[in-house]
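Below is one structure; the comments refer to it alone.
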Amino acid sequence: MTGSKRPLVVLPDPILRQVSKPVERIDDETRRLASDMLATMYDAPGIGLAAIQIAEPLRLITIDLAKEDDEPDPHVFVNPKIVARGDEPGTYEEGCLSIPDYFAEVERPATVAVEYLDLEGDMQVIEADGLMATCLQHEVDHLDGVLFIDHISRLKRDMVVKKFRKLAKERGGTRLL
Ligand code: K1U
Ligand code: ZN
């Protein structure tokens, strides 16, 4: 199924602070939304996306860490839940499609285990490290209304928010087509 690219919600849109609701039933509508998310993510381009970033407050995320020249490797996680976090910290320079062109180092657990449903409704568990662990935590944060700038200093965060408030005023909105 080929999805349609949807507008991206960007800072300071308050929808990004909403807590997303669990997906109650996995059906064609869910699969259509997942396809639209993948299309939007590939177009951006990005390596992950949470449904709330296209204004759908549902607990659904997509991730593809394949390199540009490799075959796509799309992953869809329905109702993902972090069930274990490793003791070792890891640091990555993170970005966010909802905070375009801003990057900052964020420290998070280097490994996580995540339970989720696949698009057939089967329960799965992924034990992740490296960029996959970081990306899963970044996306699950989105489902709880948390942004990666919440993990940096207040001074830096306030500066970023101020800049994006100004941009939204100039653009006349917080949706990127
Ligand atoms: O959730 C998002 O906003 C997507 C975000 C995911 C992410 C990136 C880095 C660390 C943690 C989570 C992005 O995809 S930002 C764009 C990006 O990182 C990228 C884009 C093209 C090629 C490679 C990376
Ligand atoms: Zn993000």
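Below, each value reflects all heavy atoms present in this structure, side chains not excepted, and no hydrogens, waters or symmetry copies. Every number for a ligand or one of its atoms is a count from 1 in the order of the listing.
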- [ ] With heavy atoms under 4.0 Å as the rule, classify the contact between Gln53 and ligand 1 as side chain, backbone, both or neither.
- [x] side chain
- [ ] Report yes or no: do Asp27 and Thr30 form a side-chain donor-acceptor pair below 3.5 Å?
- [x] yes
Open item on the list: Please classify the His142 to ligand 1 contact at 4.0 Å (heavy-atom distances, strictly less than): side chain, backbone, both or neither.
Closed with: side chain
- [ ] List every atom of ligand 1 that sits less than 4.0 Å from any heavy atom of Gly48, numbering the atoms from 1 in the order shown and giving each element.
- [x] 1 (O), 2 (C), 4 (C), 14 (O)
TODO: Using a strict 4.0 Å threshold on nitrogen-to-oxygen distance, state whether Lys163 and Asp101 make a salt bridge.
DONE: no
Task: Subset of ligand 1 atoms that lie under 4.0 Å from at least one heavy atom of Gly95 - done: 5 (C), 7 (C), 8 (C), 9 (C), 15 (S)
Open item on the list: Just to be sure I read this right, does ligand 1 sit under 4.0 Å from the backbone of Glu94, its side chain, both, or neither, counting only heavy atoms?
Closed with: both
Open item on the list: Around atom CG of Asp122, are there more than 12 heavy atoms from other residues, nucleotides or ligands closer than 6.0 Å?
Closed with: yes
Open item on the list: Using a 4.0 Å cutoff against the non-hydrogen atoms of Cys96, which atoms of ligand 1 qualify?
Closed with: 3 (O), 15 (S)
TODO: Heavy-atom contacts with Glu139 under 4.0 Å: which atoms of ligand 1 show up? List them by number with element.
DONE: 1 (O), 2 (C), 4 (C), 6 (C)
Task: Partner of Glu94 under side-chain contact (heavy atoms from CB on, under 4.5 Å), chosen from His151, Arg108, Gln137 - done: Arg108
TODO: Report the nearest protein non-hydrogen atom to atom 14 (O) of ligand 1: residue, atom name, distance rounded to 0.1 Å.
DONE: Ile47 N, 2.7 Å
TODO: Please check if any side-chain donor atom of Ser98 sits under 3.5 Å from a side-chain acceptor atom of Gln53, or the reverse.
DONE: yes
Open item on the list: Using a 4.0 Å cut-off to any heavy atom of Gly46, which atoms of ligand 1 qualify?
Closed with: 14 (O), 20 (C)
